[in-house]
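For reference, positions follow the sequence shown, starting with 1. Values reported hereafter were calculated over all heavy atoms of this structure, with side chains retained and with hydrogens, waters and symmetry mates removed.
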Amino acid sequence: MKKPIFFLLFLIIASACTSKKDIIYFNNLNTETTDKTQLIKSTITKNDILSIVITSSSAEIVKAYNVEVTQGPNGYLVSSEGFITLPVLGKINANGLSCMELEQIISNLLISGGHLSNPVVNVRVINSKFTVLGEVNKPGTYNYQEENISLLQALGYAGDLTINGVRNNIYLIREEGNVLNYTKIDLTSKDWFSSPYYYLKPNDVIYVLPNDAKVKSGGYVKSLGNLLTITSVSISTILAIILLSK
């Protein structure tokens with residue numbers, strides 16, 4: 001009878017322990033090797049807000065192409081059909097283009113239309129965002145203006161995972177062409193560095209699952225103190241059973 005009882009005691013104690021490998025990031029990281037990441041081409045899509053600044057040596061003339069816009073907060077809103085409307089140039093289809101490609105199109109239109117001889121066009125998406133939910137210190141939706149941002153940077157924005165976050169099973173939800181794709185990321189390994197998910201795409205959602213300890217805290221075991229109390233009671237009960245069985 002003693003063996004099953006001590007086995008039960010072992011399970012109670014083991015359930016309160018967490019493996020070091022479950023906490024540390026990139027357990028298989030080797031400082032003597034390198035990994036090649038996949039750089040994602042960021043493209044303009046509907047509801048993006050674009051900052052478009054046109055400059056030229058003709059300072060007075062170029063003012064007509066940089067009037068204050070009212071289509072969005074300090075930028076040009078891409079319509080549901082993928083178009084923007086620029087002063088003088090009119091409607092331009094921006095959907096699916098990179099910022100660099102749209103810069104080139106606007107520049108070509110300015111030159112071919114005889115508007116400006118040497119324009120410099122700068123286009124940026126100013127409302128790119130991602131969302132981090134679950135076991136992080138600062139969950140929420142974050143805006144960024146970088147052309148590319150990594151998953152690790154995104155988690156940095158959110159203040160990193162809490163001690164209760166599951167590091168080897170993070171969900172990443174990505175919408176592409178009206179289709180939602182789901183993947184799982186294991187932060188305890190570096191194998192995902194070369195995957196298409198090292199860099200985020202606008203509107204990606206990251207969800208960090210809670211570990212068993214956090215889930216249990218939503219029930220009766222609400223703190224380490226309670227867990228110790230339960231363990232103590234369990235040990236006392238087991239010892240009492242042993243004494244009575246003699």
**Student:** Is the shortest distance from a Lys or Arg side-chain nitrogen in Glu101 or Lys41 to a carboxylate oxygen in the other one below 4.0 Å?
**Tutor:**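 So Glu101 pairs with Lys41 through a salt bridge.
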**Student:** Side chains of Leu102 and Ile92: closer than 4.5 Å at any heavy-atom pair?
**Tutor:**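 In contact.
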**Student:** Do the side chains of Arg167 and Thr188 get nearer than 4.5 Å, heavy atoms only?
**Tutor:**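 Yes, close enough: below the 4.5 Å cut-off.
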**Student:** Does the side chain of Asp191 reach to within under 4.5 Å of the side chain of Asp186, using non-hydrogen atoms?
**Tutor:**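 Asp191 does not reach Asp186 side chain to side chain.
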**Student:** How long is the gap from CG on Asn211 to OG1 on Thr162, to the nearest 0.5 Å?
**Tutor:**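 Asn211 CG to Thr162 OG1: 7.5 Å, rounded to 0.5 Å.
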**Student:** Is the backbone of Val53 close enough, under 3.5 Å, to the side chain of Asn66 for a donor and an acceptor to pair up by distance?
**Tutor:**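 Here the side-chain-to-backbone pair does not exist.
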**Student:** Between Phe130 and Tyr157, is the ring centroid distance below 6.0 Å?
**Tutor:**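 Yes, close enough.
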**Student:** Are Leu187 and Leu161 close enough that some pair of their side-chain heavy atoms sits under 4.5 Å apart?
**Tutor:**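 Yes - at least one pair of side-chain heavy atoms lies under 4.5 Å apart.
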**Student:** Taking all non-hydrogen atoms of both residues into account, name the closest pair between Gln153 and Asn148 and its distance.
**Tutor:**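 Nearest heavy atoms, Gln153 then Asn148: OE1-O, 4.3 Å.
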**Student:** Please report, to 0.1 Å, the donor-acceptor pairs under 3.5 Å made by any side chain of residues 111-128, with sequence neighbours excluded.
**Tutor:**
from: Ser112; atom 1: OG; to: Asn108; atom 2: O; distance (Å): 2.8
from: His115; atom 1: ND1; to: Tyr65; atom 2: OH; distance (Å): 3.1
from: Asn118; atom 1: OD1; to: Ser56; atom 2: OG; distance (Å): 3.1
from: Asn118; atom 1: OD1; to: Ser57; atom 2: OG; distance (Å): 3.4
from: Asn118; atom 1: ND2; to: Ser57; atom 2: OG; distance (Å): 3.1
from: Asn127; atom 1: OD1; to: Ile49; atom 2: N; distance (Å): 2.8
from: Asn127; atom 1: ND2; to: Asn47; atom 2: O; distance (Å): 3.1

**Student:** Is Leu133 close to Ile206 at the side-chain level, that is, under 4.5 Å between some pair of heavy atoms?
**Tutor:**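 Contact flag for Ile206/Leu133 side chains = no.
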**Student:** I'd like a table of donor-acceptor pairs (distance under 3.5 Å, sequence neighbours excluded) in which one partner is a side-chain atom from residues 171-182, with atom names and distances.
**Tutor:**
from: Arg174; atom 1: NE; to: Asp204; atom 2: OD1; distance (Å): 3.1
from: Arg174; atom 1: NE; to: Asp204; atom 2: OD2; distance (Å): 3.1
from: Arg174; atom 1: NH1; to: Pro196; atom 2: O; distance (Å): 3.2
from: Arg174; atom 1: NH2; to: Tyr199; atom 2: O; distance (Å): 3.1
from: Arg174; atom 1: NH2; to: Asp204; atom 2: OD2; distance (Å): 2.7
from: Glu176; atom 1: OE1; to: Asn181; atom 2: ND2; distance (Å): 2.8
from: Glu176; atom 1: OE2; to: Lys201; atom 2: NZ; distance (Å): 2.8

**Student:** Testing the basics here: between Trp192 and Ser195, what is the closest heavy-atom pair and its distance to 0.1 Å?
**Tutor:**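 Here Trp192 and Ser195 meet closest at O-OG, 2.8 Å.
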**Student:** Considering only heavy atoms from C-beta outward, does the side chain of Tyr197 approach that of Leu151 to under 4.5 Å?
**Tutor:**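 No - every pair of side-chain heavy atoms lies 4.5 Å or more apart.
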**Student:** Among Asn143, Asn203, Thr141, which one satisfies side chain to side chain donor-acceptor pair (under 3.5 Å) with Lys129?
**Tutor:**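 So the option named by the test is Asn203.
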**Student:** Not counting sequence neighbours, which residues clear ring pair (Phe, Tyr, Trp, His ring centres under 6.0 Å) with Phe83? List them please.
**Tutor:**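 Phe83: no ring pair (Phe, Tyr, Trp, His ring centres under 6.0 Å) contacts found.
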**Student:** Checking the side chain of Asn137 only, and the main-chain atoms of Gly159 only, is there a donor and an acceptor separated by less than 3.5 Å?
**Tutor:**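 Side chain of Asn137 to backbone of Gly159: a pair is present.
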